[in-house]
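Atoms considered below: every heavy atom in the structure, side chains included; atoms not considered: hydrogens, waters and symmetry mates. Owing to the predicted nature of the structure, the values given are computational and were not obtained by experimental measurement. Reminder, nothing fancy here: chain letters follow the sequence lines and each chain counts from 1.
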There are 2 protein chains.
Amino acid sequence: MALRHAVLAALLDSDFSGYQLAKAFDVGVANFWHALPQQLYTELAKLEKEGLVAGREVVQHGRPNKRVFTVTGAGVAELERFAAAEPKPTFIRDDLLVKVQAADRVGAGHVVRQLDERAAAATTRIAAFEALLARLRGDQAEDDYLRHGTRIGPYLTCLRGLALERETREWCTGTASVLRAREAAHAEQI
Amino acid sequence: MALRHAVLAALLDSDFSGYQLAKAFDVGVANFWHALPQQLYTELAKLEKEGLVAGREVVQHGRPNKRVFTVTGAGVAELERFAAAEPKPTFIRDDLLVKVQAADRVGAGHVVRQLDERAAAATTRIAAFEALLARLRGDQAEDDYLRHGTRIGPYLTCLRGLALERETREWCTGTASVLRAREAAHAEQI
DNA sequence: ACTGGCATGTAAATCGTTACATGATTCT
DNA sequence: AGAATCATGTAACGATTTACATGCCAGT
């Protein structure tokens, strides 16, 4: 039972419907918690039944109605308990790294292509994070915002996401060029 | 069916028993694939039944005997297929980041402590990675090793792990000091 | 005698992914 | 008319975690 805390933490920032939450988990939240839309729908239903979130119908014009959810007092209390508990070890799974681990024993061609693609995706995400951070801090300088701003949590996690994406891009480009150089050297020997 | 590829990639490097593999997944492999020992035992049994790895008994003196596993030709072929397939999105879950996301709404005290602990753990891991990298490359310079060395895959993934841990340490110390400064400022207002 | 590390599994309960299912509205 | 986006769910299957279970050997 851990997805629930990620959902509660995401809802602290603003109320979301299942669909909007899925979008959030696709961008910002994705830096520290991976979940598919179907999980969010079922988790929200469970959280509502347990009284940790409250849903209400929002009538919309020009698009289907939706149900948005707010964290209740009991939900905040649950987050408090979670914050005090020992964190579980970081959970990472990355196909691409598995492929690099095996790169000297299987054909490196596909892996190099996938590294290039990942680096390009990282560039897009870096720009998105920079824009999001600028939007969150508004016209304040970063130092000021970190000291006195509201919504400091999302800002700090975005900073982490940004740093991670920059690291990802550097590692992918570096690794791709190492593997390419080795393929070229190998080709020369033939 | 993805744990199997991480297991196969780890076994390319050298033969391991279930127990040894669990240790590897606790240190080096943990940077890109999280798995518990119980999973590895069951996965090895499945892989053996399917002929992707071959096990053999190793008689030991002074400790219980063990079964070590080698990747078969079919296992390498399976890895080739995996390398050519599109990678699944990176899967990350980190309790600590969820807590930071919520840090302006729940008590920050525990979170600050956990950030300090994570930074300290990162320091330990950084030293372990540096030692492992030095051992892998032996007396060669890094450039040379990257161009001509064997076992380049594990070296590249360790480089990634090292960069990630350094980033983790910086972010944790920075975030802890931001949260501490805000708590101090809040206390003054009372 | 006890602790800690080595060594391997099974079973039950929970969690996560994939496939299936539906339907409105806007834009091209 | 068709594609894209908004919007929400259920059911079956597969994967993961937790609890249970066992036993050897070395060092203190």
For atom [atom1] of [X] and atom [atom2] of [N], their distance in whole Å:
X	N	atom1	atom2	value
B:Lys88	D:dG14	NZ	P	13 Å
A:Lys46	D:dT10	NZ	C1'	15 Å
B:His5	D:dA15	NE2	C1'	15 Å
B:Arg93	D:dT17	CZ	C1'	13 Å
A:Arg67	C:dG23	CZ	P	20 Å
A:Leu40	D:dG9	CG	P	12 Å
B:Leu44	C:dT8	CG	C1'	11 Å
A:Asp26	D:dC6	CG	P	12 Å

For this session: Report yes if a side-chain nitrogen or oxygen of A:Tyr19 is closer than 4.0 Å to either non-bridging phosphate oxygen (OP1 or OP2) of D:dC6; otherwise report no.
Result: yes

For this session: Verify the contact: side-chain N or O of B:Ser17 to OP1 or OP2 of C:dT8, cut-off strictly under 4.0 Å; return yes or no.
Result: yes

For this session: Report the residue (A:Ala2 or A:Pro64) whose heavy-atom-nearest nucleotide on DNA chain C is the more 5′ of the two.
Result: A:Ala2

Please pick, from [options], the nucleotide with the shortest atom-to-atom distance to any side-chain atom of [X].
X	options	answer
B:Leu36	C:dT18, C:dC6, D:dT18	D:dT18
A:Tyr41	D:dA7, C:dT17, C:dT8	D:dA7
A:Gln60	C:dT17, C:dC6, D:dC6	D:dC6
B:Gln39	D:dA7, D:dT16, C:dG9	D:dT16
A:Lys66	C:dT8, D:dC24, D:dA7	D:dA7
B:Phe91	D:dT8, D:dT17, C:dT17	C:dT17
A:Gln38	D:dG9, D:dT8, C:dG16	D:dG9

Distance check, rounded to the nearest 0.5 Å: [X] atom [atom1] versus [Y] atom [atom2]?
X	Y	atom1	atom2	answer
A:Phe69	A:Arg56	CZ	CZ	10.5 Å
B:Leu44	B:Lys49	CG	NZ	13.0 Å
B:Lys46	B:Leu52	NZ	CG	11.0 Å
A:Leu132	A:Cys158	CG	SG	4.0 Å

Exercise. So, B:Arg182 and B:Asp104, do they make that salt bridge, N to O below 4.0 Å?
Worked result: no

Problem set entry | Lys/Arg N to Asp/Glu carboxylate O, B:Glu130 vs B:Arg166, below 4.0 Å | yes

Problem set entry | Donor-acceptor contact below 3.5 Å, side chain B:Thr42 vs main chain B:Gln39 | yes

For this session: Determine, for A:Tyr19 and A:Lys66, whether the Lys NZ or Arg CZ falls below 6.0 Å from the six-membered ring centre while staying within 45 degrees of the axis.
Result: no

For this session: Report the residue (B:Leu3 or A:Pro37) whose heavy-atom-nearest nucleotide on DNA chain D is the more 5′ of the two.
Result: A:Pro37

Tabulate atom names and distances for all N/O pairs under 3.5 angstrom spanning the protein and nucleotides 26-28 of chain C.
unit_1 : atom_1 : unit_2  : atom_2 : d
C:dT26 : OP1    : A:Gly62 : O      : 3.4

